[in-house]
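What follows is a short report on a single structure.
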There are 2 protein chains.
Amino acid sequence: MERFAIRGHICYSEDQKKIRTVDQGYVVCEDGKSRGVFETLPEEWRGIPCRDYGDKLIIPGLVDLHVHAPQYTFRGLGMDQELIDWLNTHTFPEEEKYKDTEYAKKAYHIFIEDLLHSATTRACVFATCHKEATLWLMEKMEEAGLAGYVGKVNMDRNSSEGLQEESAQKSAKDTEAWILEAADLTNVKPILTPRFIPTCSDELMEKLSELQKKYQMPAQSHLSENLSEIEWVRQLCPKASCYGDAYRLHGLFGGDCPTIMAHCVYSDEEETRMMKEQGVFIAHCPESNANLASGIAPARRFLDQGLKMGLGTDVAAGTSLSMFRAMAMAIQCSKLRWKLQDQSLPPLTVEEVFYLATKGGGEFFGKVGSLEPGYEFDAVVIDDGILRHARELSTKERLERLIYLAEDRQIDAKYVKGKQVLPIEKNCR
Amino acid sequence: MERFAIRGHICYSEDQKKIRTVDQGYVVCEDGKSRGVFETLPEEWRGIPCRDYGDKLIIPGLVDLHVHAPQYTFRGLGMDQELIDWLNTHTFPEEEKYKDTEYAKKAYHIFIEDLLHSATTRACVFATCHKEATLWLMEKMEEAGLAGYVGKVNMDRNSSEGLQEESAQKSAKDTEAWILEAADLTNVKPILTPRFIPTCSDELMEKLSELQKKYQMPAQSHLSENLSEIEWVRQLCPKASCYGDAYRLHGLFGGDCPTIMAHCVYSDEEETRMMKEQGVFIAHCPESNANLASGIAPARRFLDQGLKMGLGTDVAAGTSLSMFRAMAMAIQCSKLRWKLQDQSLPPLTVEEVFYLATKGGGEFFGKVGSLEPGYEFDAVVIDDGILRHARELSTKERLERLIYLAEDRQIDAKYVKGKQVLPIEKNCR
């Protein structure tokens, strides 16, 4: 049994309304799980190894519920279009390049290093439809010590010729081969990833649903991001009562297998009810929704109605891998939505966005996103010393400040499932 | 005559629609002014000292048209209220502390160091109503090599008791003394700063107008930021036809003396026309307007109507001193405004926000904000090497990426009026 403790100023979400802070507190890790947060180290653990991080902050590792690894190459570029044009102009041509596994390695190497040095410990990642490149990404993410789900993307229609898979059958066959090859991995697992309804034929969706039943796999996709997209889905799936129903009709909308739907900017009451019934997780991606001029999702309504939800950076429609930035944007956009669109939905609070970025998204992985007893030990140690203030700040205020001002260089140490992955020991590189 | 050149990948705004880039180009400085940007160094300047920054980017220094130095102590904190409550709860109690000049020195020291290490070369700064602290701030900004305007704030009503000045007469008298004491400074000059109509009596405004005429000084204030504020002004100044007119009636709304009005979120056609007639500069502060749930200013309309405009960080209603972040937010908020509020006003472009952050705001200072011949030599050298990409990027793309992703640590060198202020020579500290 491996046991150790870390010490510092600890913050974590108790629930959506409350952040608990313990100054100079201890978190105990036993076999990769937290045994809880303590003001003084309990008698039974006296003498276990303890690393004291002094005045630094300790928070649960952050959870990015939606990010596209191959798009990291053009983050911060080409933000001049809405969704469908942006996919055709910027995204599909870049993703085509990943059929060249050497290019993919070069690009994914940078993505993994930057993700490792961020405050994110878990991510749900879209790769491309290329099996080899996707497997390489998964293996290297695992080697780096990260945890999460990665999806080989499926798309057999309405994409660029060089990217689109040649048939539903071939797409499903490649997907099954990929699932089997990825079975050896421990912390980075495969997730079914039909890109979105417009690029997946009914036949492909049926085959993916069969794979899901056979392998009991989670799934991720996109939902109700943009009005033209929604209209397109209406034309493509006239039988569906709403966009979400187009997934549900194929058995790919939650239920037995955990499912993430990114965006939900325009999910109406019916679609929301369907997501709640099916236990679908919403990945709220406010920066992406601003950059592609999609709009602002009614995150407050989803919270109030008790839906499962986390935050996503959605690189590269979102520009930054920083989940702190995602939190800040979630607050800022909720204020603008309240002011400009719907005064019945009050803005999100610091407590709520921190919950979403930790426990809210973490729930997709089981007991993840907290330092409470029984949760997997994902923790990040942050040195906020570069943010000097003339006055004393409480631990809670320091966390609040980080949401708006954190940079990756402040990440001092990182633990995933109890294993320290940052700083990287020099002899391991 | 002092002459030198710097070399690198150069970007600057030619106008609102066009960014000119010159790879491995030269900018020549002569007596603090640019002599222009060249692909090869012209014959006449062969042999002058030249610092080659290799693959780094060179851009004009950025101009922050609106920032509150004393609020830097609580940046990133207390973002849970709208304007008036936020002023009473967070801002006024903090600004009171600056009557203690020792506290002010400690706080302003951090502000100046962080501003120095940012990409901003010029700023229009609100201090507090305390003369001594304001003078200290100005002297130390000048010593650090920064340029700009700093205002001792005026406020004789509707503020907290500990902050409010005891009378219009005392406020004006202190202001005149401060103007005279600040006269020795070269690069950091005084600017008249009535906080906003609600905190300035008619008598005070009249006295400030007299001071303006006597000393031919520029002015800065706030305008039409928040709907409750606008309603309050309507009650306080029933004679004014709009909020802007309340300044104009006292002779403090542009005209002969350059004037900045921050925000203008709700400026209607009449107020906009008045600003254009009077040559008023708008400081567009998108992050602040999101954080205080004020709304989104119609920056596209102001641009199309030919108003003078720049960007402001508005710390601490804005959280960050980064003008890159102000640029990104200006684009993002303009997209949300277009989507949610008014589809007749298309989003801002990268070209436009870069113009606003350089030449647009720079115009307040004269020929500032460009590297074209005759402009004051304010330049920033940026090392974007930490932002690795798997593909080749053009100089224009590297600039675009910085708008979304730049951090202060990437500022490699900085020149203000031809004087190098970063990196700081160790023996000068």
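Throughout, a chain's letter reflects where its sequence line sits, starting with A, and its residues are numbered from 1.
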Discussion item. So which atom in Cys333(A) and which in Leu336(B) form the shortest heavy-atom distance, rounded to 0.1 Å?
Written reply: SG-CD1, 4.1 Å
Fill in: Contacting region of Leu387(B) [heavy-atom separation from chain A under 4.5 Å]
both
Show me the donor-acceptor pairs under 3.5 Å between chain A and chain B.
from      : atom 1 : to        : atom 2 : distance (Å)
Thr73(A)  : O      : His389(B) : NE2    : 3.1
Arg75(A)  : NH1    : Arg388(B) : O      : 3.3
Arg75(A)  : NH1    : His389(B) : ND1    : 3.3
Arg75(A)  : NH2    : Arg388(B) : O      : 3.3
Gly78(A)  : N      : Glu400(B) : OE2    : 2.9
Met79(A)  : O      : Lys335(B) : NZ     : 2.4
Glu82(A)  : OE1    : Lys339(B) : NZ     : 3.3
Glu94(A)  : OE1    : Arg391(B) : NH1    : 2.7
Lys106(A) : NZ     : Ala390(B) : O      : 3.4
Glu113(A) : OE1    : Arg388(B) : NH2    : 3.0
Glu287(A) : OE2    : Gln332(B) : NE2    : 3.0
Asn291(A) : O      : Lys335(B) : NZ     : 2.7
Asn291(A) : OD1    : Gln332(B) : NE2    : 2.9
Arg325(A) : NH1    : Tyr404(B) : O      : 2.8
Arg325(A) : NH2    : Tyr404(B) : O      : 2.9
Gln332(A) : NE2    : Glu287(B) : OE2    : 3.0
Gln332(A) : NE2    : Asn291(B) : OD1    : 2.9
Lys335(A) : NZ     : Met79(B)  : O      : 2.4
Lys335(A) : NZ     : Asn291(B) : O      : 2.7
Lys339(A) : NZ     : Glu82(B)  : OE1    : 3.3
Arg388(A) : O      : Arg75(B)  : NH1    : 3.3
Arg388(A) : O      : Arg75(B)  : NH2    : 3.4
Arg388(A) : NH2    : Glu113(B) : OE1    : 3.0
His389(A) : ND1    : Arg75(B)  : NH1    : 3.4
His389(A) : NE2    : Thr73(B)  : O      : 3.1
Ala390(A) : O      : Lys106(B) : NZ     : 3.4
Arg391(A) : NH1    : Glu94(B)  : OE1    : 2.7
Glu400(A) : OE2    : Gly78(B)  : N      : 2.9
Tyr404(A) : O      : Arg325(B) : NH1    : 2.8
Tyr404(A) : O      : Arg325(B) : NH2    : 2.9

Worksheet, complete the sentence: The interface call for Met79(B) against chain A, heavy-atom contacts under 4.5 Å, is both
